[in-house]
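Both ligands and their constituent atoms are indexed starting at 1 by order of listing.
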Amino acid sequence: MIKKLCIVGVGLIGGSLALALKKHAYVQTVVGIGRDAKRLAAAQAAGIIDIATDDYAQCQDADVILVAVPLGAFENVFAQIKPYLTPDTVLTDAGSAKACVVNIAQRVFGHVPENFVPGHPIAGTEKSGFSAAFAELYLNRRVVLTPVTRTADWARARVQAMWQAAGAVVEVTTVEHHDLVLAETSHLPHILAFGLVDSLAKQKDAQEIFRFAAGGFRDFTRIAASDPVMWRDICLYNRDAILQALKAYESDLSELHAAIEKGDGDSLEIIFARAKAVREQFNF
Ligand code: NAD
């Protein structure tokens, strides 16, 4: 049970955690910290948070502080939390890339605090803002924690219990492994979806093209409606891992390109059958 949870950035991710913990009576008071008083008041009126404020002093006696802002805002937010981070409070985050967040913590606090537990819920939708939040977002979804050597076990246990109370399955891995795997499975597909929609939209007959868009196109490009700022930041802050994933994909894409150019049906069928088998095996 958490007595006081401070959420910096009450959007889809932070708001959904608040709703889930409230639903399961795992939290007493949720404090929403942000810059926009009007939006925070609306989140309070919607019952997502109990207290709305821009005062980071609220962090002082929190059991848990969750930072759920775009990656580009972390440095500023950590600096504001710093004067109020006491040893009994656990600081955690939901950022989509982890090496950058650990590096920012190191820079701002002078070392990675032992009560900081880097985390990332592998759950989301293409919608953003607190109005898109819902209590079931984390149900049976994975949350990856990437503790570093200094991270205290008690702090990790508190964050793990919190996400489990929200219905999530918690996994622990290294910062590096997280960033590479997420670059391949989440960041790359988002970049491809944004890129494809933008590329088609630039064509002269774009309206006509989209008129014919059917199920496959809709499935593949749903995530291109995601928040541009969040995805800009993910590309900037997980740059190396994303470049590595893009390079591997570009090479495989040129294999497909060559097979189509040569009319090499056998190769195409082998590649498609291989992908179909994997897709069916994992049933994501
Ligand atoms: P969101 O846009 O729904 O919410 C972000 C919130 O942060 C907004 O309320 C915004 O006003 C606030 N904010 C922005 N800058 C701020 C600042 N400087 N100070 C205080 N508040 C600030 O975004 P989200 O989808 O909830 O994502 C939040 C974080 O979680 C991001 O780091 C994102 O990478 C990560 N994440 C997102 C998803 C997803 O699918 N949406 C999944 C996992 C992790």
Side-chain angles (χ1 to χ4, degrees), residues 6-20 30-44 46 48-49 52-56 58-59 65-82 91-102 104-105 108 118-139 141-146 159 163 166 168 170-171 178-179 181-183 185-187 189-191 193-194 222-239 241-242:
C6 284
I7 297 178
V8 185
V10 185
L12 170 71
I13 292 298
S16 295
L17 180 65
L19 287 173
V30 180
V31 180
I33 303 180
R35 311 156 299 173
D36 187 332
K38 228 164 120 188
R39 258 204 311 231
L40 276 180
Q44 188 179 14
I48 296 174
I49 55 177
T53 184
D54 60 358
D55 183 6
Y56 281 79
Q58 278 282 354
C59 293
I65 305 166
L66 172 79
V67 176
V69 298
L71 290 168
F74 266 69
E75 184 125 17
N76 177 265
V77 165
F78 276 180
Q80 306 228 52
I81 291 172
K82 187 180 174 187
L91 173 63
T92 188
D93 77 294
S96 302
K98 300 287 22 120
C100 59
V101 172
V102 170
I104 292 169
V108 171
H120 177 203
I122 314 296
T125 72
E126 70 282 12
K127 305 208 165 64
S128 52
F130 76 86
S131 52
F134 60 104
E136 294 74 28
L137 178 63
Y138 303 114
L139 204 57
R141 305 302 294 273
R142 284 188 199 333
V143 171
V144 181
L145 303 182
T146 61
V159 175
W163 284 112
V170 175
E171 291 200 15
H178 168 278
D179 284 1
V181 170
L182 268 293
T185 55
S186 168
H187 307 169
H190 276 84
I191 293 164
F194 280 124
R222 175 183 57 80
I223 51 180
S226 301
D227 183 51
V229 170
M230 179 179 129
W231 283 97
R232 174 201 68 191
D233 285 1
I234 289 171
C235 290
L236 296 176
Y237 284 82
N238 199 25
R239 177 176 176 268
I242 289 175

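- For ligand 1, none of its N or O atoms has an N or O atom of Ile33 under 3.5 Å away.
- Annotation for ligand 1: atoms under 4.0 Å from non-hydrogen atoms of His120 are 43 (C), 44 (C).
- Numbered from 1 in the order shown, with element, the atoms of ligand 1 that lie under 4.0 Å from a heavy atom of Gly9 read 6 (C), 7 (O), 12 (C).
- Here the closest heavy-atom approach between residue Leu137 and residue Thr125 is recorded as CD1-CG2, 4.3 Å.
- Atoms of ligand 1 lying under 4.0 Å from at least one heavy atom of Gly95, given by number and element, are 32 (O).
- Of all heavy-atom pairs between Ala41 and Ala52, the closest is N-CB, 4.4 Å.
- Looking at ligand 1, you won't find any N or O of Lys127 less than 3.5 Å from one of its N or O atoms.
- Residue contacts with ligand 1: Ala132 is excluded, as none of its non-hydrogen atoms falls under 4.0 Å.
- Interface atoms of ligand 1 facing Ala68, defined by a heavy-atom separation under 4.0 Å, are 5 (C), 6 (C), 7 (O), 28 (C), 29 (C).
- In this structure, Arg39 counts as a contact residue of ligand 1, since one of its heavy atoms falls inside 4.0 Å of the ligand.
- Residue contacts with ligand 1 for Val10 involve N, CA, C or O but no side-chain atom from C-beta outward (heavy atoms, distance under 4.0 Å).
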Solution key, residues 227-235 side-chain donor-acceptor pairs under 3.5 Å, sequence neighbours excluded:
unit_1, atom_1, unit_2, atom_2, d
Asp227, OD2, Met230, N, 3.1
Asp233, OD2, Gly72, N, 2.8

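- Distances between N or O atoms of Gly129 and those of ligand 1 include at least one value under 3.5 Å.
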Would you tabulate the side-chain donor-acceptor contacts of residues 75-82 under 3.5 Å, counting partners in other chains and residues two or more places apart, or write 'none'?
unit_1, atom_1, unit_2, atom_2, d
Glu75, OE1, Arg107, NH2, 2.7
Glu75, OE2, Arg107, NE, 3.2
Asn76, OD1, Gln80, NE2, 3.3
Lys82, NZ, Val108, O, 3.2

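- The shortest distance between side-chain heavy atoms of Val69 and Val8 falls below 4.5 Å.
- Residue-to-ligand polar distances place Ile13 within reach of ligand 1: an N/O pair is separated by less than 3.5 Å.
- Looking at heavy atoms from C-beta onward, Ser96 lies out of side-chain contact with Asn238 at the 4.5 angstrom threshold.
- Note: an N/O pair closer than 3.5 Å links Val69 and ligand 1 by distance alone.
- In this structure the side chain of Leu17 reaches within 4.5 angstrom of the side chain of Trp163, judged on heavy atoms.
- With values rounded to the nearest 0.5 angstrom, Phe134 atom CZ is found 12.0 Å from Ile48 atom CD1.
- Ligand 1 places these atoms under 4.0 Å from at least one heavy atom of Ala73: 15 (N), 18 (N).
- In terms of protein heavy-atom proximity, atom 4 (O) of ligand 1 is closest to Gly11 CA, 3.2 Å.
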